[in-house]
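Everything numeric in this text was worked out from a predicted model, so none of it was measured.
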Number of protein chains: 2
Amino acid sequence: MKKKERHQLLRKLVQQDVIRKQEDFVDKLHERGIEVTQATISRDIKELQLVKVPAQDGGYRYNLPPEMNYDISKKLSRLMRDAFVSIDTQREFVLIRTLPGNAFALGSLIETAKYSEMFGCVSGDDTVLIICRDEESAERFQRRIISFI
Amino acid sequence: MKKKERHQLLRKLVQQDVIRKQEDFVDKLHERGIEVTQATISRDIKELQLVKVPAQDGGYRYNLPPEMNYDISKKLSRLMRDAFVSIDTQREFVLIRTLPGNAFALGSLIETAKYSEMFGCVSGDDTVLIICRDEESAERFQRRIISFI
DNA sequence: AGGTCGTCAGTATATTTATACAGTTTATTC
DNA sequence: GAATAAACTGTATAAATATACTGACGACCT
């Protein structure tokens, strides 16, 4: 059993079954004749970015990553490469220009990504205006966005 | 300091600052002259359904609930009104057409919403293809989506 | 007032999770 | 192949988190 396979399996299990704690994973794997320890599961969970969510029934349960951040990044990156025109900063504002019709999509993605520097975000047809927490955030945010290109 | 207020504050803190562990919350509150213990924070976190997410920098960080379902619905609704062109069902497939450049964003939102009818989802530039579990799911899913407009 | 119920928070502790360290396996380079 | 490095895991334990238990406080009775 390779790490990759185990990761696959964990993803599957976390969706199929209710996993309340890491030991539950260990048990499930044991049932399938796979020997692992809680320590390994802890590391797997970190890599897979699984999260332990307080459930409505008063308990806890592990879940898939809240945002497929990886995925979001990929989409952002693709969209940036496709539609990016320019970016500029003024005080705590960042203005991104895109090809016409793309700004809304870009804004949506940026909002979904929930960058900590960001305070708010409005999108027009070819412009996304991001309001950051302060000037420094704006700088940092600009760098982040540029790095997608 | 009432529980409600504290919850408000925790929500704010978790967005503004990087909270790596519950003690960080305790410290932040102490800075503001609010006395609480880790135990209380643990309970607050459970109630607020905050989650500890493995971060990209190798550490951990607390975040808002993965399902801001309310929020997601709002965004979906907004995006649908803005960018929706048509929807169609064939067998277990649902095809949504949007204005060019918007399908990614729509697909992202739909994926984030994790509808139970949905099996998978791919987005192009102006098209989102949703593969449902079966024909009935597809019908139901279509109705759901239409209700956003 | 006294009594009862419900909410809430602290203390102490049990439970759960993360990780330092060491050993083993697997890949890489000479 | 041998040597070296990198990836991976278990053991033991540290660190972080959840919770049983208890007491405090307030609301609402009688």
Measure the distance from [atom1] on [X] to [atom2] on [N] and round it to the nearest whole Å.
X     : N      : atom1 : atom2 : result
B:K2  : D:dC25 : NZ    : P     : 13 Å
A:D44 : D:dG10 : CG    : P     : 9 Å
A:L10 : C:dT17 : CG    : P     : 14 Å
B:I34 : C:dC8  : CD1   : P     : 17 Å
B:K4  : C:dA9  : NZ    : P     : 12 Å
A:H7  : D:dA7  : NE2   : P     : 14 Å

Handout entry: side-chain contact (heavy atoms from CB on, under 4.5 Å) between A:L106 and A:L76, worked out
Key = CA-CA 7 Å; A:L106 184 61; A:L76 242 168; 3.7 Å; yes
Exercise for the section: To the nearest 0.5 Å, tell me how far B:F25 CZ sits from B:I19 CD1. Expected result: 4.5 Å
Handout entry: Touch class at under 4.0 angstrom, heavy-atom based, for A:E47 against every strand present
Key = nothing
Handout entry: Other residues, nucleotides, ligands: >12 heavy atoms within 6.0 Å of B:E5 CD
Key = yes
Exercise for the section: Can you establish whether the number of heavy atoms outside B:F84 located under 6.0 Å from its atom CZ is more than 12? Expected result: yes
Exercise for the section: Would you check if there is a donor-acceptor pair between the side chains of A:R97 and A:T127 at a distance under 3.5 Å? Expected result: yes
Problem - Ionic contact status for B:R140 with B:E136, cut-off 4.0 Å - result: yes
Exercise for the section: Classify every nucleotide of nucleotides 16-21 of chain D by which part a protein heavy atom approaches to under 4.0 Å, writing B for the base, S for the sugar-phosphate alone and - for neither, in 5'-to-3' order. Expected result: SBBBB-
